[in-house]
Amino acid sequence: LHVRSRRQRQMCIRDSMQLIDANEKDYSNLNYFCSHGLQDQVIPVNYSRESIEWLKSKNITHVYKEYDMAHSVSQENFFDFLEWIKFNVK
């Protein structure tokens with residue numbers, strides 16, 4: 001995915017967030033684990049950072065971690081996600 005402008009990038013982020021019911025006012029049932037590689041050359045880390053700001057603006061519970069990796073899942077990332085699942089998925 002190649003996004004040329006900041007506006008287009010914001011639209012992609014917004015469109016991906018449409019999975020959440022826009023009419024819902026109470027997001028207390030939502031909880032996300034989000035991560036991104038600092039060296040990612042496929043999807044810039046700023047896309048995740050902007051998405052996290054959106055989650056914060058909606059008071060959606062989340063964990064966000066950045067890892068010194070490219071567009072992949074590091075061992076540390078994997079184990080952090082497993083730990084999050086242990087305490088958050090019932």
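None of the values given here were measured: they were computed from a predicted structure.
Pairs of residues two or more places apart, or lying in two chains, never qualify as salt bridge (charged side-chain N to carboxylate O under 4.0 Å, His left out) while including a residue from residues 34-46.
Counting heavy atoms from C-beta outward, Phe33 and Asp80 have side chains that approach closer than 4.5 Å. Contact annotation: the side chain of Ile43 approaches that of His36 to within less than 4.5 Å [non-hydrogen atoms, C-beta and beyond].
Here the OH-CG distance, from Tyr32 to Asn88, works out to 13.0 Å after rounding to the nearest 0.5 Å. The line from CZ of Phe78 to OH of Tyr67 is 12.0 Å long, rounded to the nearest 0.5 Å. Distance check: Ser74 OG to Phe81 CZ gives 13.0 Å after rounding to the nearest 0.5 Å.
Contact between Ser48 and Ser35 at its shortest, heavy atoms only, is OG-O, 4.4 Å.
Residues satisfying the side-chain contact (heavy atoms from CB on, under 4.5 Å) test with Ser72, not counting sequence neighbours, are Met69.
No continuous path of ILVMFWY side-chain contacts below 4.5 Å connects Tyr27 to Trp84, so the two sit in separate hydrophobic clusters. Linking ILVMFWY residues whenever their side-chain heavy atoms come closer than 4.5 Å, directly or via other members, leaves Phe87 and Leu82 in distinct clusters.
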Show which side-chain atoms of residues 58-65 pair as donor or acceptor with protein atoms under 3.5 Å away, not counting sequence neighbours.
residue: His62; atom: ND1; partner: Ile60; partner atom: O; Å: 2.8
residue: Tyr64; atom: OH; partner: Glu66; partner atom: OE2; Å: 2.8

